Amino acid sequence: MFNKRIRIKELLAMEPQGQEVTVMGWVRTFRNNQFIALNDGSTNNNLQVVVELGSQGEELLKRITTSASMKVTGMIVPSLGKGQKMDLKAAHIEILGDSDAEKYPLQPKKHSLEFLREIAHLRFRTNTFGSVFRVRHALAFAIHKFFNEKGFVYMHTPIITASDAEGAGEMFRVSTLPFDQTPRNDKGEVDFKQDFFGRATNLTVSGQLEGELGATAFGEIYTFGPTFRAENSNTARHLAEFWMIEPEMAFYDLEDNMNLAEEFIQYIIRYAMENNREDLEFLAQRLADEEKQLPQDKRSEMGLLEKLDFVLNNGFERLTYTDAIEIRKESNHNKKKKFQYPITGWGMDLQSEHERYLVEKHFKKPVILYNYPAAIKAFYMRQNEDCAPGQPTVAAMDILAPGIGEIVGGSQREERLSKLEDRMKEIGIPLEELWWYLDTRRYGTVPHAGFGLGFERMVQFVTGMTNIRDVIAFPRTPGSAEF
RNA sequence: UCCUCCUUAGCUCAGUUGGUUAGAGCAUCUGACUGUUAAUCAGAGGGUCGUUGGUUCAAGUCCAACAGGGGGAGCCA
């Protein structure tokens, strides 16, 4: 019978009055041949198990090593020591699994995140990753809760897709053809007619186009699933496999879209603040300690909890691409020629140093940029009509978060068939490949909008982890797919 | 992919202008102690200095290539 155990988080919330309980967990440290710090993953707080002198045999004591797993039954009593509220006086200890202390790589000391990344299968057993992944869970749960409360339908869009016309980046091919002897057609090209699906297929880079099909039937839908990009990106904010949330809403314009995105982000942050306070406090302390080693000008002005509170209470700054260019052009930063990439004028794509200046120096809070030049955005974004002469824009919006950069990318979609077709022809996307997508514009088209939120970037923002590889359990990056 | 920095014990890191036997803290092991808090005290074991090649009488130290990792950039979420 294992299910009689009580979780340590629950136990620590009780008043110790000699109750008999059973706990199970893993040893963090064993001090003085007498005190076991036991952790079961429910919280970073360890339960102090007290082994009375002489109550257990030498053989058993020797097996109480770091990360050995055990079942302990005993009485909880107020602790005589100072560091904790209660002790579990062990009446019976059963080692469930031994752990060779000489080989076990985690020690009761600080480890670098880089080292822990190399033992990603064990890093959940540390306080930092325990907190990160409990917060990750809370955010994922809050996302479903938010959309469910708003009446959105959770839609599972395909992982394997045949369209490569979405233009969202390099794709991973999905194939069962033999690598060493790929069948060829008359022209000498690989003959995908003989492949599993009878055509070339890839892992999805976005569920958006399929999401629009759902939105034009259910009204509001969202997706939350894995996404794959075969880009050779080596940064602290890119993964080859990541999770993305993509709501898509009929009868929404760009402003509705921005309102939803802002409300959504605040909602899930608030959920984590209310339900994972201890973990966030731990992560805030961790970040503060880490930043102590940085030079003054590289440190954040606000602590993690302050930052999250600020985001909940202050809303996001909204401004158009055109205004953003002006602000930066007029900034002292630009006049002093401190940008590596100078602001050349309207139409240029924003470099990440420009985004960072705007978010971290000028406004010091999340910023929503909207109405971007059409030339630097995707084909499906709605073409604005009231543009300045020679400056065509689309109803796109990006949310930029301090320290992370782009966390949301979205737009109102082009619902007018002829405009959409014209744009596709203009940039060379074959209409016949997306016939099913265009059908939504043929049969009862409606104004609609949506966005994509990078889940790992959101987790980074909330946990303060600076490398995206530390907020996903098993990161996939170029040259790296262990575990 | 580009720029840049790093790679010395299980971990974190010292190692002087190139010079004889490469060090520390923590961890591990052995013993002591027993209300500890990353316990403490004493002792012990633990190294192909990332790999390969080069310069030199002599390379952990200088040079090159490669590998792995960090930071930044591009692409983006």
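Quick note: numbers below take in every heavy atom, side chains included, and nothing from hydrogens, waters or symmetry partners. Every value quoted in this text rests on a predicted model; they were computed, and no experiment measured them. By convention in this document, chain letters (A, B, ...) are assigned in the order of the sequence lines, proteins followed by strands, and residues within each chain are numbered from 1.
- A salt bridge is defined here as a Lys NZ or Arg NE, NH1 or NH2 lying under 4.0 Å from an Asp or Glu carboxylate O, and A:Arg423 with A:Glu426 meets this definition.
- Here the straight-line distance linking atom CH2 of A:Trp243 with atom CZ of A:Phe455 works out to 9.0 Å at 0.5 Å rounding.
- The side chain of A:Arg356 contributes an N or O atom lying less than 4.0 Å from OP1 or OP2 of B:A73.
- Among the protein residues, A:Leu53 comes within range of the sugar-phosphate backbone only, with heavy atoms under 4.0 Å from sugar or phosphate atoms but none that close to a base.
- Here A:Phe35 lies in heavy-atom contact (under 4.0 Å) with a base.
- Note on A:Arg237: a base of the nucleic acid sits closer than 4.0 angstrom, heavy atoms only.
- Residue A:Gln48 is in base contact, counting any heavy-atom pair closer than 4.0 Å across all strands shown.
- Listed by first residue number, the stems of RNA chain B with at least three Watson-Crick or G-U pairs below 3.5 Å are B:1-7 with B:67-73, B:10-13 with B:23-26, B:28-32 with B:40-44, B:50-54 with B:62-66.
- Both the sub-6.0 Å distance and the 45° axial angle are not jointly satisfied by A:Lys145 relative to the ring of A:Tyr267.
- Heavy atoms of A:Gln84 sit under 4.0 angstrom from at least one base atom.
- Residues A:Tyr321 and A:Tyr370 place their aromatic rings such that the two centres sit no closer than 6.0 Å.
- OP1 or OP2 of B:U12 has at least one side-chain nitrogen or oxygen of A:Ser112 nearer than 4.0 Å.
- Between the side chain of A:Asn33 and the base of B:U36 there is no donor-acceptor pair of N/O atoms closer than 3.5 Å.
- Of the candidates B:U1, B:A77, B:G74, the closest approach to any side-chain atom of A:Asn232 belongs to B:U1.
- Nucleic acid contact class of A:Phe30 (heavy atoms, under 4.0 Å, all strands): none.
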N/O-N/O pairs, protein side and nucleotides 25-27 of chain B side, under 3.5 Å:
{"from": "B:G25", "atom 1": "N2", "to": "A:Lys109", "atom 2": "NZ", "distance (Å)": "3.4"}

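- Residue pairs meeting the salt bridge (charged side-chain N to carboxylate O under 4.0 Å, His left out) criterion with at least one member in residues 133-143 of chain A, sequence neighbours excluded, are A:Arg134-A:Asp279, A:Arg136-A:Glu456.
- For B:G72, its base never sits under 3.5 Å from the side chain of A:Ser352 at any donor and acceptor pair.
- Residue A:Asn467 places no side-chain atom within donor-acceptor reach of the base of B:G70, judged by atom type and a 3.5 Å distance cut-off alone.
- Put simply, A:Arg117 has a side-chain N or O that comes within less than 4.0 Å of OP1 or OP2 on B:G70.
- A salt bridge links A:Asp398 with A:Lys377: the closest approach of a Lys/Arg side-chain nitrogen to an acidic carboxylate oxygen falls below 4.0 angstrom.
- Phosphate proximity of B:G70 to A:Arg469: present, with a side-chain N or O under 4.0 Å from OP1 or OP2.
- Side-chain atoms of A:Ser233 come within donor-acceptor range of the base of B:C75, with a qualifying N/O pair under 3.5 Å.
- Looking at heavy-atom distances under 4.0 Å, A:Lys103 makes no contact with the nucleic acid at all.
- Centre separation under 5.5 Å together with a plane angle under 30° holds for the ring of A:Phe242 and the six-membered base ring of B:A77, marking them as stacked.
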